[in-house]
Amino acid sequence: MDTIPELKRNRFPSMNFEAEILTAPHDNSEPYMISAMRSLTAEEYVEAFKSFLDHSTEHQCMDEFNKEEMPSIMASLGNGKQTINILGVGSGTELVNQASDLQNVSFVWHQLTSSEYEQQVKEKGTDKKFDFIHMIQMLYRVEDVLSTIKFFHSCLDHHGKLLIIILSDSSGWASLWKKYRHCLPPTDSGHYITSNSITDVLKRLGVEYHVYEFPSGWDITECFIEGDPVGGHMMDFLTGTKNFLGTAPPGLRQRLQEALCQPECSSKKDGRIIFSNNLSMIVVES
Ligand SMILES: C[S@@+](CC[C@H](N)C(=O)[O-])C[C@H]1O[C@@H](n2cnc3c(N)ncnc32)[C@H](O)[C@@H]1O
């Protein structure tokens, strides 16, 4: 799930990297019940997320960004330092464990949330600075978006950069969260934030940034096929709800399925329904 492999280290043969990764600990608590509908447990979330990744161009879109924009972004990091210190926040562990091209990267894993890390840094008075910090598709679940960005920005070294990847305001998610919020169940927790909310925060903090927009799509056709297990998992990811299609009141289910087909959410291509998953890559200067 991590993006570090996609930074394609071979393109920077003269640099070494030290990466630190923050990832939220697993939550083994009992799921919260709201009548028959309930939120996803951590394990169920991972399963639903995989269905989303399998049917969307989420990571391919990030790969495009890595190929097209990252080389010049990386080139200006660290001002000639030999070792580039990287902090990945909310990266997960899956792909890094399997990657074979990461010999010149030393990893330190922190199984703790961004706010726990912030507390730890403040308590210990450590002042470790990073040349590159990335927060990829994870700000939806932090406690306080502004203070989280402010804190991690303060962890940047001179000539450092913070990369935030977040859903674009041109995505179907943005329309769903703004215009069709009433179609979403209360089991769907977290912040409904998209790129503009982040750039508003960055303006308030008075920091310099650049936004790159990259198109991405999610084929949700199976979500409309009665009894389709993949469609079921994808609806669970979309709604943050376990077995949404089986437990949602029929009216809510119908409203959501109708909203998903609206042109501000999706388009039809070769008979398939493609939900817009456009991403904004926001590069913040130190
Ligand atoms: C949608 S996944 C994205 C994973 C990966 N960055 C990617 O793009 O494939 C969100 C990740 O953020 C992590 N996460 C959520 N809230 C977090 C927090 N407050 N601190 C650290 N990690 C968090 C989750 O554990 C999960 O791995």
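Counting convention: from 1, in listed order, for ligands and their atoms alike.
- Residue Q137 holds the heavy atom nearest to atom 2 (S) of ligand 1 of all those in H110, M138, E116, Q137.
- Taking each of F52, Y140, Y45 in turn, the one with a heavy atom nearest to atom 1 (C) of ligand 1 proves to be Y45.
- Residue-ligand proximity, S114 to ligand 1, at heavy-atom distances under 4.0 Å covers atoms 18 (C), 19 (N), 20 (N), 21 (C).
- S171 OG to D169 CG: the interatomic distance, rounded to the nearest 0.5 Å, is 7.0 Å.
- Within 6.0 Å of CZ on R204 lie no more than 12 heavy atoms contributed by other residues, nucleotides or ligands.
- Not a single N or O atom of L112, backbone or side chain, sits closer than 3.5 Å to an N or O atom of ligand 1.
- Those atoms of ligand 1 with a heavy atom of G90 less than 4.0 angstrom away are 4 (C), 5 (C), 6 (N), 11 (C), 12 (O), 13 (C), 22 (N).
- In terms of N/O distances under 3.5 Å, ligand 1 is not approached by F49.
- Under 4.0 angstrom from ligand 1, there are no non-hydrogen atoms of E143.
- Considering backbone and side-chain atoms together, E58 places no N or O closer than 3.5 Å to any N or O of ligand 1.
- Between the side chain of H210 and the backbone N or O of M281, no donor-acceptor pair lies under 3.5 Å.
- Under 4.0 Å from ligand 1, the heavy atoms of H59 that appear belong solely to its side chain.
- Atoms of ligand 1 lying under 4.0 Å from at least one heavy atom of M62, given by number and element, are 8 (O).
- Shown in contact with T113 at under 4.0 Å from a heavy atom are these atoms of ligand 1, numbered in order with element: 19 (N), 20 (N), 21 (C).
- In this structure, F49 and H59 have perpendicular ring planes: the angle between them is above 60°, well past the 30° mark.
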### Task
Go through Y180 and R255 one step at a time and tell me if the side-chain contact (heavy atoms from CB on, under 4.5 Å) criterion holds.
CA-CA 9 Å; Y180 300 106; R255 279 201 302 280; over 6 Å; no
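- Defined by atom type and a distance below 3.5 Å, a donor-acceptor pair is present between the side-chain atoms of S170 and N278.
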Residue pair W173, Y192: steps toward the ring pair (Phe, Tyr, Trp, His ring centres under 6.0 Å) verdict:
CA-CA 9 Å; W173 295 93; Y192 289 150; 9.4 Å; no
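- F275 and I225 fall into different hydrophobic clusters, where Ile, Leu, Val, Met, Phe, Trp and Tyr are joined by side-chain heavy atoms under 4.5 Å apart, directly or via other members.
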